[in-house]
Every structure is written in C-alpha cells, then in structure tokens.
Amino acid sequence: MKSDSSQSANSADKFPILTGAEIVVQSLIAEGVDTMFGYPGGVILPFFDRLYDAPIKFIIPRHEQGGAHMADGYARASGKVGVIVTTSGPGACNIVTGLGTAMMDSIPIVAITGQVRTELIGNDAFQEADTTGITRPVTKYNCIVKDVKDLARTIKEAFHIASTGRPGPVVVDLPVDIQVAKTNYDPSVEMKLPGYRLKMKGHSRQISMAAAAINKSEKPVLYVGGGIIIANAGEELRALAKKAHIPVTMTLLGLGSYDQNEPESLDMLGMHGTAYANYAVHECDLLIAVGARFDDRVTGKLKTFAANAKVIHIDIDPASIAKNVRADIPVVGDAKYILAELIKEVEYRERKDWFAKIAQWKRKYPLAYDKKSTNIKPQYVIEQVCELTGGDAIITTGVGQNQMWTAQFYRFRRPRQFLSSGGLGTMGYGLPAAIGAQIAKPDATVVDIDGDHSFNMTMTELRTAVQYELPIKVCIINNGYMGMVRQWQQLFYNKRYSKSYLANPEYAVVAEALGAVGITVEKKADVPKAIKKMLGEKRPCVVDFKVEREENVWPMVAAGKSLNEMDGLDLLESMA
Ligand SMILES: Cc1ncc(C[n+]2csc(CCOP(=O)(O)OP(=O)(O)O)c2C)c(N)n1
Ligand SMILES: [Mg+2]
C-alpha cells in the first residue's frame, strides 16, 4: 500500500468513508475553492453528481478552452488558484491551449480531468486520451490517480504545487472508477513532496552585494516582470524605486506592478516598448531584473542587450537565472522578501544626469499617433477607454496590435489590473479571461480590449457572460485584419498580405443575438459617447470600433535587432 501506511486501522476509522468524488469536493472546499469552471462528460459524471448541491459556484463555458482561460483570468485577477474541470479525451484536449497559456505566464491553475476506467487505460477506449502525456510539457506538474487512497493527498499537493514557488498549472487526471471507489477521508493528510523545495529568502550576502551595486550605480534601471505581481511585491517595488531613486521599466506581464503615472515609470520595454525604456536599458550601467525572464521579445539581440551593465537577477525560479543573459549578482527567492531586505540597505542618489537624459528621451520620443486624423485611430479608442474608466479598470486583451496598443496607451496603476497572454500569445484569451476576472472581482469594471480575429476565436463565450449576468465590456479594435500579421507582411514580406484577412460578422448583431448589448462605431466623434454608454450597461456589452485598417504599432525593434535599433522613431518624433 502506497499511502497512509502509518495510520493504524483504528485511527483510520475516525475518518468518514467517502467516495473519490466526495473526497475531491471536500478537498476543494478545504482549499478554499468557492468558484470553479468546467464542462461535463461521461467519465467525470460521478464528480459532477457530487457538485449538484456542493457550496461551490460553478461556471459552464461554451468550450473548455474558454473555461481554462476563465480560470486563468480568475487566478490573475484574484491571486487565487483557478480551477477547471473537464471530461476525458476531447474535454481534456480542449484545455491544452489554456494550460500552455497559464504555464508560460506562471499562472496557478488546477485542472481536474476525467479519465476512462483504470482497467481500460491504454485500450483506445471511448474518449480516451493520454492526458498526462499530452499535458506534460504545458504543466508545472501532472499525475493520474490510480488509487482512491492517494486522492486527498494528491489534490492537496496539486494546489500546493500550482500556487507556490513559480506558480503554474497542474493537471490531476481522475479515472471514473476512482471517483466511485471509497476510502476514509483524512482532511489533514500530509503531502509527500520530498523533491519539491522552495527557496523564499534569498542569500543575505547576495542581497548585500546587490544593494552595494545599486548604491554605486550612476545609471540603474529596474526591469520588472510578472513575478512582482505574482509575489504581491508591488509595494516593495515602489518603496525601492522611491528610496533608491531608480527608473522602472516593465515587461508586458509586469504592467501594473508600478504606477505608470509616477515619474520613475519608463513604461514597457522590448519589441513594442517605449523608446525611453529601450534606450535606458541599452545604456544603463546596472540592470536590476526582478521576476522577469529575459524573454526574446524583451531583449532583442542578446549579445548587445544591456551590454555595459552589471546584471542583478532576482527570481524565485533558479532555472530562469542566467538562462538567456549572464547574471553578475543572482538572488534566488521570493521578490517580496528580497526587495524588503534590499530596501533596508539602499541609499538615495539623485542621479541628476541619468534622469535628465531619460527626460530628454521622454520628450523627444513619447508614444504618439496622428491625433488629427479623421479616422478612428486604435490608439485613440484605448486612450479614451483609459480616460473614461479613470485608468482603474481591469483590462484583458487579445493578441496582436490590439494588445500592444493597450499596453502602450492604457496607463496601469496597480497589480492585477492588466491580464494578457504574454508568453504563449494566445488569441482568444481576452473574452474568457474577462469573464473569469469579473467573477473574481464582481464590483470592478472589466474591459476586454480585443482584436477582431482574436475575438472570433472564443466569441461564443459571450453567451456565458450573458447567462451569468456578468457586466463585462468588450471593445473590438476592428481593423478587419490579423493586424500584427499584416504589419509584419507589410514590413518584411513586401506588402504581400497573404491570408491575413477574414470576412467578419457584424459584431453588434452577433452580440444582440447572444443576449448582450451591441454597438457599432464608425465615426471618430462617436467614440467617447459609445464608451460611456458601454460603461453604463449592466448587461455584457460589445462595442465594434471600425478603426483605421492599416495602422502600425511603433516603435518596433525588429526580431533579432538591438533595443536601440528601433524603427518608427522619426514618426513618433514628428507627432510628439
Ligand atoms: C491562437 C493563435 N493563432 C495564431 C496566432 C498568430 N497571430 C499573432 S497576432 C495575430 C493576428 C491577430 O489579429 P487580431 O486579433 O485581429 O489583432 P490585431 O493585430 O489586428 O489587433 C495572429 C494570427 C496567435 N498569436 N494565436
Ligand atoms: Mg485585427
């Protein structure tokens, strides 16, 4: 017997005998789960039967992928673990994209997938899929439960692994016979994870070395990622930047970790980052990376990335350190703790020349677009959404130009405000993620700023928002193109717009048919009015903005170029 061998028959007696399905329900309640997402099917029915009267809110998406993104949006907005349940085979396969999205962005999700009877596994049984095999590369951890006695412990471990260290998705594959088998349920069962060790505190000598380097630096930059948000270290980041007087640039996933209205903010860096962030990183003498992983969309050409800088790399995941860029001072541990320690040892420096130089870049190359145009500029729509929501909404996005413009033109103030698929770049993420976020934060204004083609991928979930009376808003930046693909084809494929166009439906009509409010905006003058109407709606509301079709995102560091080799700067300068 693998588990519970330490318990005598007598001590086991004091625990109630439950079915596997009941044990899962009890374990979820014990983990504090009050909301879950999922879709039923044959081999998960014993579990669904126990959910019939369980005190857990249950949201049924229209497609399991949508459910996985909802769990992800719920997790990002709340900081809690998102839970998704599916049946075997097609149900489990449908969440692979959602798991990959969460994996790349370090989002805690527990997926419970039904599986065929243990005796049938490997037989090509009806709706059998090798779920653990298929999901291994897109999960932090996965397993199949083959003995009901292991079940309570496995669920506990799943939540622990998903939510600690560098978080990520975990799949627990649950054969139908295990769901009906019975055993004693011990809620205090201990986890058995001897190989899973967390390093939270960081080495104190490394921290002191980092502080000394900061105190000595003339031209430091804080380069921060999603790790700050995951670690709930926003306040510590602010305190460090203020106390030591250091400019801060954020990755796409880091947006919200530092208030962009503060003078230290350099906004986003990287391929479509600001010129002032990219120049600052290129010229800095000390790069302090926190909870960021030097993704290629951030670094551009590795050889020349922050080439003259000493690099401090603070991350909870030792595998991320020095993976892409050398780390002169690595510090492994939790960002919240390490920043709190760093703050104690850093000193204020004026760094007059450095801040003056940055101010000059900010003046010369602000994010800009043609404000005089009579067409609806996508950037204008996003600026207006920002203004009319007071910069306070929770924003989700699709992938492509819409996502980059949102990152550029919405000014984020706090963690967990911007939810976007960064690592995997999953089109179709925006709408279901908004649904998950609205469920996590019922009182918040949640706006999905989406691309037309991204929206096309999961728009069926609009009906889910209608059914659960979630007042989410969707702003479709409708350029009629897979805009980012078209931009690359324009710039790098001689304007051969090969297969980057699809005929779209009238989204307002689709929205109305699904029970939501639909608005179409074709004139620039109608943009603010439409946004105000949208914000006042109690039902889900879709606004279809027919924007300038061939607008591009600038600046741009073409793939493989250095951060200081940005295209589009002359344009920004002329519109500044
Ligand atoms: C699921 C998926 N398939 C393909 C891509 C590749 N891709 C990246 S951006 C993009 C176009 C997105 O079009 P749209 O949603 O209309 O956004 P826009 O760039 O026009 O704002 C495509 C096809 C992707 N990121 N995700
Ligand atoms: Mg588009």
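Counting starts at 1 for both ligands and their atoms, following the listed order. For reference, positions follow the sequence shown, starting with 1. All heavy atoms count here, side chains included; hydrogens, waters and symmetry mates do not.
Distances shorter than 4.0 angstrom occur between a heavy atom of Gly425 and an atom of ligand 1.
Listed by atom number, the atoms of ligand 1 under 4.0 Å from His453 heavy atoms are 13 (O), 14 (P), 15 (O), 16 (O). Numbered from 1 in the order shown, with element, the atoms of ligand 1 that lie under 4.0 Å from a heavy atom of Met484 read 9 (S), 19 (O). When each atom of ligand 1 is checked for a heavy atom of Asn402 under 4.0 Å away, the hits are 15 (O), 17 (O), 18 (P), 21 (O). Near Gly451, meaning under 4.0 Å from one of its heavy atoms, ligand 1 places the atoms 14 (P), 15 (O), 16 (O), 17 (O). Residue Gly400 approaches ligand 1 through these ligand atoms, each under 4.0 Å from one of its heavy atoms: 9 (S), 19 (O).
We find that Asp295 and Arg293 are joined by a salt bridge, their nearest charged nitrogen and carboxylate oxygen being less than 4.0 Å apart. Using a cut-off of 4.0 Å between Lys/Arg side-chain N and Asp/Glu carboxylate O, Arg414 and Asp392 are scored as salt-bridged. With respect to the salt-bridge test (charged N to carboxylate O, under 4.0 angstrom), the residues Lys377 and Glu548 qualify. The pair Arg411-Asp259 does not meet the salt-bridge criterion, since no charged nitrogen lies less than 4.0 angstrom from a carboxylate oxygen. Classification of Glu506 and Lys546 as a salt-bridged pair holds, one side-chain N sitting under 4.0 Å from a carboxylate O.
The protein heavy-atom contact nearest to atom 16 (O) of ligand 1 is Asp452 OD1, 2.5 Å. Ranking the protein heavy atoms by distance from atom 20 (O) of ligand 1 puts Gly483 N, 2.6 Å first. Among protein heavy atoms, atom 13 (O) of ligand 1 sits closest to Met482 CA, 3.2 Å. Looking only at heavy atoms of the protein, atom 12 (C) of ligand 1 is closest to Val399 O, 3.4 Å. Residue, atom and distance of the protein heavy atom nearest to atom 7 (N) of ligand 1 are Met427 SD, 3.7 Å.
Restricting Asp452 to its N, O or S atoms, the one at the least distance from the Mg ion (ligand 2) is OD1.
Here Met484 does not reach the Mg ion (ligand 2): none of its N/O/S atoms is less than 2.8 Å from the metal. For a distance bound of 2.8 Å, the N, O or S atoms of Asn402 include none lying that close to the Mg ion (ligand 2).
A cation-pi contact, defined as under 6.0 Å to the ring centre and within 45° of the axis, links Lys524 to Tyr380.
Heavy atoms of other residues, nucleotides or ligands lying less than 6.0 angstrom from CZ of Phe126 number 12 at most.
In summary, the aromatic rings of Tyr258 and Phe412 are positioned with their centroids too far apart to meet the 6.0 Å limit.
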